[in-house]
Visitor: 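The following block contains the structure, expressed as structure tokens.
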Amino acid sequence: MSKLLTASYKGARDWYPEDIRIRNYIFDTWRKVALSYGYEEYDAPLLEPIEIYEAKSGQELVSEQTYQFTDRGDRRVAIRPEMTPSVSRMLAAKRQETPLPARWFSIAQFMRYERPQRGRDREFWQLNCDIFGDESVLSEAEIIVMASDLLKAFGASDDQFVIRINNRRIINFMMAQYLSLDSGQAQLMIKLFDRRNKVSAEDFRDQAGDIFGRDNSEVGLRKLTQLLAARSMADLPEEIRESNAVKEVQDLFTQLERAGLKNAVFDISLMRGLDYYTGIVFEVFDTHPENTRSLFGGGRYDGLVGMFGAEPLSAVGFAPGLSTVQLFLETHKLLPDLGSATDIYAIPIGDSLRGTQKLVTKLRQQNIRVELDFSERKFDKQLKTAIKKQIPYVLFVGEDELSQELYTLKNITTGTEEKLIFDDIVKVIHRNHN
RNA sequence: GCGAAUGUAGCUCAGUUGGUUAGAGCGCUGGAUUGUGGUUCCGGAGGUCGUGGGUUCGAGACCCAUCGUUCGCCCCA
């Protein structure tokens with residue numbers, strides 16, 4: 001028999017205690033922000049019938065990138081690659097009884113079969129925040145402000161990220177009416193816009209010319225250049241500027257300014273790949289010169305709940321991923337030094353294990369987290385273990401301490417120690433909790 | 001799925017034009033030190049050189065394949 005490998009499955013990582021500290025810190029912060037906006041937490045099954053993904057979005061997601069199998073009852077199922085179809089299904093199932101507007105969030109685990117890269121694993125976690133049942137642009141405003149707050153809750157400042165905003169309806173109008181492209185051409189042009197920063201100006205021009213075709217490429221390219229030069233909505237050609245879709249974006253910006261958001265910009269070239277977006281779309285970008293990647297995005301998708309046969313329900317949402325947010329925080333040095341969640345490492349000295357056990361039990365009843373070392377190893381080994389585990393306090397319990405009921409509490413960070421009675425130990429630790 | 005780089009101890013890496021028994025630092029572990037650390041000193045464990053073939057008298061090194069990792073492409077819900 002060959003030796004078993006210790007490596008984790010490709011694209012999935014092991015989460016050691018020190019990794020979980022970071023993950024919990026990020027999840028806790030997300031949850032705090034979502035709850036502060038009155039969002040309610042939900043979850044959905046890890047497995048879904050494959051059809052709910054087939055019915056929407058790009059075919060590649062379903063055919064190439066889902067983990068799927070046939071279960072013992074011949075049902076075709078997939079490990080969820082995203083949350084939006086599941087939450088839409090849940091809303092559709094309780095369409096009549098759910099109080100609207102509904103503000104829901106989840107922190108959940110997903111899998112996609114794709115090539116792992118920096119910030120992109122096959123197994124990943126995402127926060128999903130959605131607001132259902134409100135048609136106004138106030139929903140978009142709330143979602144975008146919340147997205148910004150989410151990064152600020154980690155200590156990020158306005159200049160460390162930028163929120164780019166566009167409207168699918170502007171894109172549609174631009175492609176069909178203004179550039180006179182049919183739907184196939186529009187599809188290609190959207191993809192080209194999407195990778196505008198990855199290709200050279202010449203290649204962009206050449207490929208755009210190909211999409212327009214021989215007869216129209218000159219006029220088309222002139223119009224395209226004009227569009228891409230637009231730094232604000234005021235720069236847009238008049239026919240586009242007058243459209244309702246642009247008005248909607250203007251309303252949104254008024255709301256965002258009112259909320260004090262300074263780092264949102266209009267970007268006519270922002271597309272977002274997903275087919276189901278129907279209105280305003282946005283994407284948050286890191287502004288760090290070495291990491292100008294897209295962090296996460298979202299937008300309005302009004303068609304999904306209706307797919308389940310329920311009366312249609314409008315929706316606006318976004319979904320940041322754990323690994324991209326973690327990379328953002330690392331890039332900007334925003335991750336705090338996260339110590340152990342344990343408060344005290346208790347070390348019995350000499351023949352005092354029984355007395356220490358009793359003391360530890362009393363401490364735990366006071367909501368204090370105590371790890372007891374009953375290894376009977378040499379004293380300095382036990383102390384080193386506590387230090388290595390980054391536990392903030394060590395409690396020495398010897399026979400003298402037990403008889404006097406006065407215990408030695410050592411603060412590992414400062415190196416100082418005090419002789420304290422039980423109640424004072426509790427006070428010190430409780431103060432440390434805040 | 002495509003392209004490129006890369007793989008030697010737990011980690012970071014040396015290893016000469018192919019030449020005996022595979023090296024360092026850090027880490028781990030035991031002791032010096034029976035109630036106080038991350039310092040110091042001494043000892044120890046840990047590698048079929050990613051894997052499988054091939055070339056050669058001889059391969060960690062050269063060739064082929066394969067797997068993993070990283071960076072791009074594709075895609076990005």
Side-chain angles (χ1 to χ4, degrees), chain A residues 2-3 5-13 16 48 52-66 78-88 108 110-122 124 126 128 130 190-192 194-195 197-199 203 270-277 281 283 290-291 293-299 301 304 317-321 323-324 345 347-352 373 376-391 393-402 407-417 419:
Chain A
S2 66
K3 197 165 63 178
L5 300 173
T6 58
S8 61
Y9 169 70
K10 184 182 172 75
R13 45 172 305 197
Y16 288 91
E48 289 280 3
I52 80 168
Y53 305 111
E54 282 171 341
K56 55 120 253 178
S57 72
Q59 276 305 300
E60 179 159 5
L61 171 59
V62 178
S63 57
E64 313 279 343
Q65 298 192 337
T66 52
I79 297 175
R80 61 186 175 196
E82 58 166 326
M83 191 56 106
T84 307
S86 298
V87 70
S88 299
F110 306 90
M111 293 193 84
R112 289 179 201 166
Y113 193 88
E114 60 186 339
R115 193 76 181 242
Q117 283 177 41
R118 181 178 160 82
R120 250 170 76 177
D121 288 328
R122 288 179 168 180
F124 59 98
Q126 279 187 346
N128 277 259
D130 294 278
I190 285 172
K191 302 264 185 217
L192 181 60
D194 228 6
R195 51 173 200 271
N197 292 326
K198 291 179 176 177
V199 299
D203 285 352
L270 179 74
M271 296 289 143
R272 289 192 64 72
L274 208 56
D275 292 346
Y276 57 60
Y277 288 115
V281 289
E283 198 155 344
E290 281 158 31
N291 191 41
R293 59 167 59 225
S294 161
L295 291 169
F296 60 90
Y301 55 100
L304 239 46
F318 72 104
S323 48
T324 43
Y345 196 77
I347 301 180
I349 299 160
D351 190 22
S352 55
D373 190 330
E376 298 188 307
R377 287 175 303 169
K378 289 176 69 172
F379 181 76
D380 61 327
K381 300 292 176 196
Q382 299 192 40
L383 182 56
K384 279 186 186 174
T385 302
I387 291 161
K388 191 154 186 192
K389 288 177 180 232
Q390 293 182 281
I391 296 171
Y393 289 95
V394 168
L395 190 64
F396 300 122
V397 188
E399 285 154 45
D400 293 348
E401 280 88 346
L402 285 170
Y407 312 98
T408 309
L409 185 70
K410 185 182 183 85
N411 181 325
I412 294 299
T413 353
T414 63
T416 57
E417 56 186 62
K419 293 222 165 215

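Order of the sequence lines fixes the chain letters, A, B, ..., with proteins taken first and strands second; residue numbering starts at 1 for each chain.
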Visitor: Please give the distance between the C1' atoms of B/U20 and B/G27 as a whole number of Å.
Guide: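 That atom pair is separated by 31 Å.
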
Visitor: In whole Å, what is the span from the CG atom of A/Leu192 to the P atom of B/C74?
Guide: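 Spelled out: CG on A/Leu192 to P on B/C74 is 11 Å.
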
Visitor: Taking the nucleotide of RNA chain B with the closest heavy atom to each, which residue, A/Gly297 or A/Lys419, is nearer the 5' end?
Guide: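 Here A/Lys419 is the residue nearer the 5' end.
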
Visitor: In whole angstrom, give the distance that lies between atom CD1 of A/Ile347 and atom C1' of B/G37.
Guide: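 So the two atoms are 10 Å apart, to the nearest Å.
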
Visitor: Measure CD1/A/Ile349 against C1'/B/U36 and give the value in whole Å, please.
Guide: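 Distance, rounded to whole Å: 8 Å.
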
Visitor: Of the nucleotides B/G35, B/G37, B/U69, which one has an atom closest to the side chain of A/Lys410?
Guide: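 The nucleotide sitting nearest to the side chain is B/G37.
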
Visitor: Give a yes or no on whether the ring-centroid distance for A/Phe296 and A/Phe318 is below 6.0 angstrom.
Guide: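 Yes - the distance between ring centres of A/Phe296 and A/Phe318 falls below the 6.0 Å cut-off.
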
Visitor: If we take the P atom in both B/A14 and B/C76, what is their distance in whole Å?
Guide: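 The answer is 40 Å between these two P atoms.
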
Visitor: Does A/Lys10 put a side-chain nitrogen or oxygen below 4.0 Å from OP1 or OP2 of B/C67?
Guide: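 So the side-chain polar atoms of A/Lys10 never come under 4.0 Å of the phosphate oxygens OP1 or OP2 of B/C67.
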
Visitor: Under 4.0 Å, heavy atoms only, any strand: does A/Gly11 hit a base, just the sugar-phosphate, or nothing?
Guide: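 A/Gly11: backbone/sugar contact only, no base atoms under 4.0 Å.
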
Visitor: Is there a donor N/O on one and an acceptor N/O on the other, under 3.5 Å, for the side chain of A/Arg120 and the base of B/C75?
Guide: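 Such a pair is found, so the answer is yes.
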
Visitor: Could you tell me whether A/Glu401 contacts a base, only the sugar-phosphate backbone, or nothing, with contacts defined as non-hydrogen atoms closer than 4.0 Å?
Guide: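 A/Glu401: base contact, heavy atoms under 4.0 Å.
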
Visitor: How far does the P atom of B/U6 sit from the matching atom of B/C13, given to the nearest Å?
Guide: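 Roughly 14 Å separates the two P atoms.
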
Visitor: Which nucleotide, B/U70, B/U36, B/G72, lies nearest any side-chain atom of A/Gln117?
Guide: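 It is B/G72.
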
Visitor: Near A/Tyr16 OH, under 6.0 Å, is it more than 12 heavy atoms from other residues, nucleotides or ligands?
Guide: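 No.
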
Visitor: Taking atom types as modelled, find out whether A/Glu399 and A/Ser352 have a side-chain donor-acceptor pair closer than 3.5 angstrom.
Guide: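 No donor-acceptor contact under 3.5 Å links the two side chains.
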
Visitor: Choosing from B/C75, B/G27, B/G35, which nucleotide comes nearest the side chain of A/Lys388?
Guide: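 Within the option list, the nearest is B/G27.
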
Visitor: Is A/Gly415 touching bases, backbone alone, or none of the nucleic acid, heavy atoms closer than 4.0 Å?
Guide: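 If one applies the 4.0 Å heavy-atom cut-off, A/Gly415 turns out to touch a base.
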
Visitor: Specify the separation, in whole Å, of atom CD of A/Gln382 and atom P of B/U34.
Guide: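 Atom-to-atom, A/Gln382 to B/U34, this comes out as 14 Å.
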
Visitor: Could you tell me if A/Glu283 and A/Ser294 have a donor-acceptor pair between their side chains, going purely by distance under 3.5 Å?
Guide: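 A donor-acceptor contact under 3.5 Å links the two side chains.
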
Visitor: Between C1' on B/U69 and OH on A/Tyr9, what's the gap in Å once rounded to a whole number?
Guide: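 Rounded to the whole Å, the gap is 15 Å.
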
Visitor: To the nearest 0.5 angstrom, please state how far the CG atom of A/Leu383 sits from the CD1 atom of A/Ile412.
Guide: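 If we round to the nearest 0.5 Å, A/Leu383:CG and A/Ile412:CD1 are 5.5 Å apart.
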
Visitor: Going by modelled atom types, is there a donor-acceptor pair between the base of B/U36 and the side chain of A/Glu417 at under 3.5 Å?
Guide: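 Between B/U36 and A/Glu417, which were checked side chain against base, a qualifying N/O pair under 3.5 Å is present.
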
Visitor: Any side-chain donor-acceptor pair under 3.5 Å between A/Tyr301 and A/Asp130?
Guide: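 On atom types as modelled, these side chains qualify, holding a pair under 3.5 Å.
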
Visitor: Heavy atoms from C-beta onward define the side chain here; which of B/G27, B/G30, B/U36 lies closest to that of A/Lys381?
Guide: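 That would be B/G30.
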
Visitor: Taking atom C1' in both B/C57 and B/G1, compute the distance separating them and give it to the nearest angstrom.
Guide: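 Pairwise C1' distance, B/C57 against B/G1, rounds to 45 Å.
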
Visitor: Taking the C1' atom in each of B/G47 and B/A65, what is the distance between them to the nearest angstrom?
Guide: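 One C1' to the other, the span is 24 Å.
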
Visitor: Would you kindly compare A/Ala319 and A/Asp400 by the position of their nearest RNA chain B nucleotide and give the one closer to the 5′ end?
Guide: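 It is A/Asp400, whose closest nucleotide lies nearer the 5' terminus.
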
Visitor: Starting at atom CZ of A/Arg115, determine the distance to atom C1' of B/U69, rounded to an integer number of angstrom.
Guide: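 For the pair A/Arg115 CZ and B/U69 C1', the rounded distance is 10 Å.
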
Visitor: Give the rounded distance in Å between these two atoms: CG of A/Asp121 and C1' of B/U70.
Guide: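 Going from A/Asp121 (CG) to B/U70 (C1'), I get 13 Å.
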
Visitor: Quickly work out the A/Arg122 CZ to B/G68 C1' distance and round it to whole Å.
Guide: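 Rounded to whole Å, this separation is 12 Å.
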
